[in-house]
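Hydrogens, waters and symmetry mates are skipped; everything else that's a heavy atom, side chains included, is used. When a residue number appears, it is its place in the shown sequence, counting from 1.
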Amino acid sequence: MASKERSFLARVREILPELHPAERRLGDFLCDFPGEVASYSAQELAALAHVSKATVSRFVQRLGYVNYEEARRHARADKQTGSRLFLATATDADGRQSVAAHVAQGVANLEATFLAIGEAEIDAAATAILEARKVWVIGFRASHSFATYLQWQLTQVIENIAAIPGGGQTLGEHLVSIGPDDVVVLFGLRRRVALMEQLMAQVERTQAKLLYITDEGVPLLSRAAWHFRCQTLAPGPLFNHVSVMALCHLLTTRCIETAGVAGRNRLRGIEALNDTLEEL
């Protein structure tokens with residue numbers, strides 16, 4: 001098997017210890033803001049890093065590129081991996097954004113997300129979740145937290161639901177049990193793990209209905225029963241996941257509403273047991 005090509009950032013980190021002061025200044029700058037190579041010309045990058053254009057040229061050659069344009073293309077490709085480092089800019093480091101700016105971006109993310117998700121889609125997804133033999137919720141890295149949160153919330157109305165993989169578990173022992181009467185809720189937020197394509201291919205083979213929840217950077221997946229794309233733009237160095245949490249809340253609420261009497265009875269039973277066991 002061929003070895004994986006080193007990323008742009010890995011090349012920069014590798015040569016840092018052997019650089020002269022000016023090149024080291026450029027290298028340190030790019031470790032913090034690698035996306036600037038994708039966005040700016042060599043002259044503009046030199047000005048941002050306070051080095052000469054000649055330093056930029058020597059630097060990219062030391063990285064193993066023929067010229068700046070080749071380095072720029074590689075950085076653009078790496079930017080698609082979703083690393084927040086590639087989305088941060090040097091201007092972000094000049095000061096902090098106001099609370100109002102963060103709130104405004106969160107509101108904008110919510111509006112953009114739910115303008116693209118129709119009422120009928122939410123209803124259909126909720127109905128499928130309720131009617132499924134079993135619901136499987138899957139997420140890795142940042143997505144893992146949302147997967148476990150959605151599973152915990154849906155447990156209030158759905159008995160047969162599992163968030164996988166759990167601690168110390170692998171996927172095989174779970175995937176083998178997924179069938180055509182199931183629903184798989186797969187979170188694919190940046191940064192996605194390498195096995196995502198294999199995982200989706202396996203889910204497709206099971207013929208289970210797939211609800212795919214991602215950020216706005218993922219192309220529409222036509223083979224998913226539903227693909228909900230959440231806006232995650234932010235004025236700072238982190239992704240804003242307000243719309244993801246709102247979607248989890250909406251899906252759970254709609255499931256409870258759709259379940260009707262059966263859903264309310266389960267909720268009452270849960271609360272009665274909580275009181276009896278004095279757990280809360």
Side-chain angles (χ1 to χ4, degrees), residues 1-97 105 140-143 188-201 212 214-223 227 229-240:
M1 181 181 293
S3 59
K4 184 178 180 180
E5 182 184 14
R6 288 177 304 156
S7 68
F8 173 82
L9 198 51
R11 294 192 189 200
V12 175
R13 289 172 178 151
E14 188 177 287
I15 68 168
L16 273 181
E18 59 194 57
L19 296 177
H20 296 301
E23 290 178 339
R24 178 60 186 253
R25 186 161 63 249
L26 176 58
D28 286 337
F29 175 84
L30 288 175
C31 281
D32 288 334
F33 309 107
E36 300 292 37
V37 173
S39 304
Y40 293 104
S41 67
Q43 185 65 56
E44 290 168 332
L45 179 63
L48 283 170
H50 305 292
V51 298
S52 67
K53 185 178 178 181
T55 297
V56 173
S57 297
R58 288 195 304 270
F59 183 82
V60 297
Q61 289 173 1
R62 295 194 66 165
L63 291 177
Y65 298 109
V66 174
N67 51 39
Y68 183 77
E69 281 307 309
E70 184 182 4
R72 193 177 187 183
R73 285 194 297 272
H74 195 182
R76 281 175 176 164
D78 284 354
K79 192 171 183 178
Q80 299 306 311
T81 65
S83 170
R84 190 67 213 182
L85 276 175
F86 278 88
L87 302 181
T89 67
T91 55
D92 293 334
D94 293 338
R96 60 184 183 182
Q97 296 287 339
Q105 186 62 69
F140 305 92
R141 293 173 55 86
S143 294
L189 302 167
R190 290 175 288 200
R191 299 175 69 189
R192 284 166 289 280
V193 294
L195 58 73
M196 188 64 74
E197 287 299 324
Q198 293 172 281
L199 177 56
M200 287 192 291
Y212 193 31
T214 72
D215 55 80
E216 71 281 7
V218 177
L220 187 64
L221 185 68
S222 59
R223 67 179 187 267
H227 183 179
R229 291 182 286 188
C230 300
Q231 290 287 326
T232 59
L233 300 176
L238 300 174
F239 295 111
N240 182 316

Show the numbers, then the answer: is there a side-chain contact (heavy atoms from CB on, under 4.5 Å) between Q105 and Q231?
CA-CA 10 Å; Q105 186 62 69; Q231 290 287 326; over 6 Å; no

What's the spacing between R73 CZ and F8 CZ if we round to 0.5 Å?
13.0 Å

Quick one: does D28's side chain get under 4.5 Å of L16's, heavy atoms only?
yes

Under 6.0 Å from the six-membered ring centre of Y65 and within 45° of its axis: does the NZ or CZ of R72 meet both?
no

Quick check: do F140 and L199 have side-chain heavy atoms less than 4.5 Å from each other?
yes

Quick one, L26 and V56 - any side-chain contact, counting heavy atoms below 4.5 Å?
yes

What's the separation between atom OG1 in T232 and atom CG in D215, rounded to the nearest 0.5 Å?
5.0 Å

Determine which pairs satisfy salt bridge (Lys or Arg N to Asp or Glu O under 4.0 Å) with at least one residue from residues 51-61, sequence neighbours left out, and list them in order.
E23-R58

Listed partners of E216 passing salt bridge (charged side-chain N to carboxylate O under 4.0 Å, His left out), at least two apart:
R190

Are the side chains of L233 and F239 in contact, using a 4.5 Å heavy-atom criterion?
no

For V12 and L30, which heavy atoms make the closest approach, and how far apart are they?
CG1-CB, 4.5 Å

Which atom names give the shortest non-hydrogen contact between L221 and M200, and what distance separates them?
CD2-SD, 3.6 Å

Separation between CZ of R25 and OG1 of T55, rounded to the nearest 0.5 Å
8.0 Å

The criterion is side chain to side chain contact (heavy atoms under 4.5 Å, CB included); which residues satisfy it with R229, sequence neighbours excluded?
T214, L220, H227

With rounding to the nearest 0.5 angstrom, report the CZ to CG distance, F59 to L19.
6.0 Å

side-chain hydrogen bond (donor to acceptor under 3.5 Å, both in side chains) against E18, all qualifying residues, sequence neighbours excluded:
R62

Review item, side-chain donor-acceptor pairs of residues 42-51, under 3.5 Å, at least two apart:
residue	atom	partner	partner atom	Å
E44	OE1	S41	N	2.9
E44	OE1	S41	OG	3.3

Report the residues that fulfil side chain to side chain contact (heavy atoms under 4.5 Å, CB included) with S57, sequence neighbours left out, ordered by chain and then residue number.
none

